[in-house]
Amino acid sequence: MPIRVLPAEVAAKIAAGEVVERPASVVKELVENSLDAGATEIKVEVRGGGKRLIRVADNGSGIPADEVELAFARHATSKISGVDDLTRIRTLGFRGEALASVAAVAQVTLLTRTAGEAMGTLLRLTDGHVTHREGQGAPVGTVITVQNLFATIPARLKFLRTDATERRHIDALVTRYAMAWPERRFTLLHDGRLTFQTVGSGRLHDALTKVYGLDVARQMIEVRSATDGQVGPESIAVEGYAGAPTLHRAGSDHITFFVNGRWVQDRMLTHALRQAYHTLLPAGRSPVAVIKVEIDPALVDVNVHPAKSEVKFRETDAVFRAVQRAVRRALIDQAPIPQVGGWAIPTQGGQWERRQALVGAGSEEARTAAQLAMEVQRTGPMVDAEGEPRLAFEPPRQLPPLRVLGQVAQMYIIAEGPEGLYLLDQHAAHERVLYERMSAQVTAAQVTSQTLLEPLTLELSPDLIAALEAHRDLLAGLGFQIEPFGGQTFLVRAVPAVLAQGGDLRQATINVLEEVIADRRPLEQEREERLIASVCKQAAVKAGQVLSHDEMRELVRQLEATAMPRTCPHGRPTMIHLSRIQLEREFRRR
Ligand code: ADP
Ligand code: MG
């Protein structure tokens, strides 16, 4: 075939494909337009999973009668006027493609009126061409109805899923936007039935409750970054809600990020969030979170993809750090101990938790001036009678003072605290203690290694040998000194000192090497953390080991001194709690 320019109509349909992939894409573009138009009420009506009908009605600015046709022209927009504006984008739209794309692949009806006009305008389009126009009475705002999506493009129609699936995509989208914009009121109807509605109170937590239900919303912890308030060119504000570590899901569907009010799917952001939960969640589980990132528009490029769901940051590292830190701080400051049957992980509200909230996570990073000021407000001056600083130099207390009572089943330490009974898993608690100690040593490149009097000989399988060779430096950094001795034999000359304190050293070393193979994560730092956790797992006291009273007291004291005493490095709880109130309830004293 000779080269020729495609007819405009075909070109339009091809281009539309990039913007409109499925019914949910139409909903997205229309809702974004309503938000840009300043609407406080946005009503989304869907029939047949959006294949039959999508209608978005808003009370926004409306489109002036003399611009309605132009709104459907490709690259026609009221939001930017030149290339320079691309660095200052505060609106969700700017490409001027959405209405043109939708009109190219469906039948569209527009009814709109601005506040300055006495009468509204009705416009009908088929295949991108206006087929009808008339003046009509209408409230201020815009109603766009999209019918028979892809009816004229069989290739696309074939790829649409069942109504139920398309509906799920629409639900995900509308609920996300309702959370990103809690001050706007969203209503969603499917086939005539109201399925979702927010109040538009402006509080994210209210919207979150509508999306996830009260039960989940209760377990969400508020996140607020320290840069809060200062609006400089470099400032990155992070706020939102992150689930307590006890709240986790199988997939990452419940991780939601907004950048300047735009729902984005970004691997770097998701990764930063996961890092914030590091060692707090069980392996393979994902947190629930809704996080808003506000950043100077000049530092983020939203013009990466026609659907605008991807962004590029100028300062990726800074954004990563801001998200990771804000979430980590919130989790450490506020995470309650998990619930197990009648036993619970100690929750907020106890005396010690209040103190802990005041003192904050001193070990993670220095407290901000604002936090210190708040402490002063709530606890009085920070100097004692002699004028010495009080709170500020006390170690942060993450646990209530515990008095060890004894051991149960050679596995658990039972202790009493101000709020009732605590049962600690001796292995998990010890793992946490060892893990934090060893992580600090690794960070400072000061791991204590123990040279063995008699080297240990190991016969290794080929995959273990490969792992050993690929990660020689990593293992050396942890205190392993392992040398080839011909064939598949290797000599272990030194091990991390924690490992040398008894137990089956051979098996422990092999277990650690196996962990190296099992780990397919690309980041060296994560692999290192996981290896440290694995060494500590091997080194920690096992279940079944009888502990003396002094040993238990010492373990509890050491656990108290850790930054995150409530979970082991693998995310399991180190302790559960039975409160006095629960005890009274069980014994029917209340
Ligand atoms: P973009 O949003 O990128 O500007 P669109 O094709 O989505 O492009 O919309 C084109 C123009 O139509 C917008 O710039 C805006 O002026 C107008 N418009 C679209 N939807 C609405 C609405 N719901 N309320 C008011 N104006 C709208
Ligand atoms: Mg738009």
Side-chain angles (χ1 to χ4, degrees), residues 12-13 15-21 23-45 54-83 85-106 108-117 120-125 128-130 133 138-146 149 173-174 177 180-181 184-187 260-264 297 301-311:
K13 281 188 172 144
E18 294 197 310
V19 180
V20 184
E21 187 196 347
S25 339
V26 174
V27 177
K28 173 175 186 286
E29 294 300 334
L30 297 183
V31 165
E32 286 188 351
N33 281 345
S34 297
L35 288 166
D36 283 343
T40 53
E41 295 263 355
I42 299 169
K43 185 171 156 194
V44 181
E45 228 182 299
I54 294 167
R55 177 177 292 137
V56 175
D58 68 50
N59 64 351
S61 63
I63 304 173
D66 56 357
E67 292 180 13
V68 286
E69 277 101 351
L70 202 52
F72 287 93
R74 188 160 296 278
H75 311 305
T77 179
S78 58
K79 299 170 193 177
I80 58 171
S81 58
V83 171
D85 293 339
L86 282 176
T87 60
R88 299 189 275 269
I89 292 172
R90 293 240 168 241
T91 50
L92 297 166
F94 58 89
R95 298 173 59 104
E97 283 184 311
L99 292 188
S101 300
V102 173
V105 295
V108 176
T109 308
L110 166 80
L111 177 61
T112 185
R113 179 167 80 87
T114 63
E117 294 167 325
T121 310
L122 178 89
L123 196 71
R124 266 190 236 286
L125 300 95
H129 301 296
V130 177
R133 178 185 168 134
V140 174
T142 304
V143 184
I144 296 189
T145 309
V146 176
L149 183 65
L173 193 114
V174 174
Y177 271 98
W181 299 79
R184 317 289 179 100
R185 184 179 154 94
F186 284 78
T187 304
N260 294 348
R262 188 187 300 279
W263 176 29
V264 298
D301 185 359
V302 289
N303 191 21
V304 179
H305 187 267
K308 296 168 287 164
S309 63
E310 280 171 42
V311 292

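Along the sequence shown, residues are numbered consecutively beginning with 1. Note: hydrogens, waters and symmetry copies are ignored here, and every other heavy atom, side chains too, is used. Every number for a ligand or one of its atoms is a count from 1 in the order of the listing.
- Residue-level proximity to ligand 1 for T77 is carried by backbone and side chain together, each with a heavy atom below 4.0 angstrom.
- Under a 4.0 Å heavy-atom criterion, G60 is not in contact with ligand 1.
- The side chain of D58, and not its backbone, has at least one atom closer than 4.0 Å to an atom of ligand 1 (non-hydrogen atoms only; side chain from C-beta on).
- Taking every heavy atom of F94 and a limit of under 4.0 angstrom, the matching atoms of ligand 1 come to 1 (P), 3 (O).
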Kindly indicate, with the supporting measurements, whether the criterion side chain to side chain donor-acceptor pair (under 3.5 Å) is fulfilled by T112 and T142.
CA-CA 4 Å; T112 185; T142 304; 3.1 Å; yes

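- Shown here for V20 and S101, the closest heavy-atom pair between the two residues is CG2-CB, 4.1 Å.
- Heavy-atom minimum distance, I89 versus P297: O-CB, 3.6 Å.
- Ligand 1 has no N or O atom lying under 3.5 Å from any N or O atom of A100, backbone or side chain.
- Checked by distance only, ligand 1 and D36 stay at 3.5 Å or farther apart across all their nitrogen or oxygen atoms.
- Ligand 1 has an N or O atom lying under 3.5 Å from an N or O atom of L99, backbone or side chain.
- For N33, the nearest N, O or S atom to the Mg ion (ligand 2) falls under 2.8 Å.
- Under 4.0 angstrom from ligand 1, there are no non-hydrogen atoms of F72.
- By the 4.0 Å heavy-atom criterion, E29 is excluded from the residues contacting ligand 1.
- Per-residue contacts place S61 under 4.0 angstrom from the following atoms of ligand 1 (heavy atoms of the residue considered): 25 (C).
- The main-chain N or O of V26 is never found under 3.5 Å from a side-chain atom of E29 such that the two would form a donor-acceptor pair.
- Contacts with ligand 1 closer than 4.0 Å are made by no heavy atom of A39, backbone or side chain.
- The pair K79-D36 meets the salt-bridge criterion, since a charged nitrogen lies less than 4.0 angstrom from a carboxylate oxygen.
- Residue contacts with ligand 1, taken as heavy atom pairs separated by less than 4.0 Å, involve A98 via backbone and side-chain atoms alike.
- If you number the atoms of ligand 1 from 1 as listed, the ones under 4.0 Å from a heavy atom of A76 come out as 10 (C).
- Here the options are R95, K28, E97, the test is side-chain contact (heavy atoms from CB on, under 4.5 Å), and the partner is V19; only E97 passes.
- Interface atoms of ligand 1 facing A71, defined by a heavy-atom separation under 4.0 Å, are 10 (C), 12 (O).
- Contact detail for T121 and A65: the closest heavy-atom pair is OG1-CB, 3.4 Å.
- Counting atoms of ligand 1 from 1 in the listed order, those under 4.0 Å from a heavy atom of G93 are 2 (O), 3 (O).
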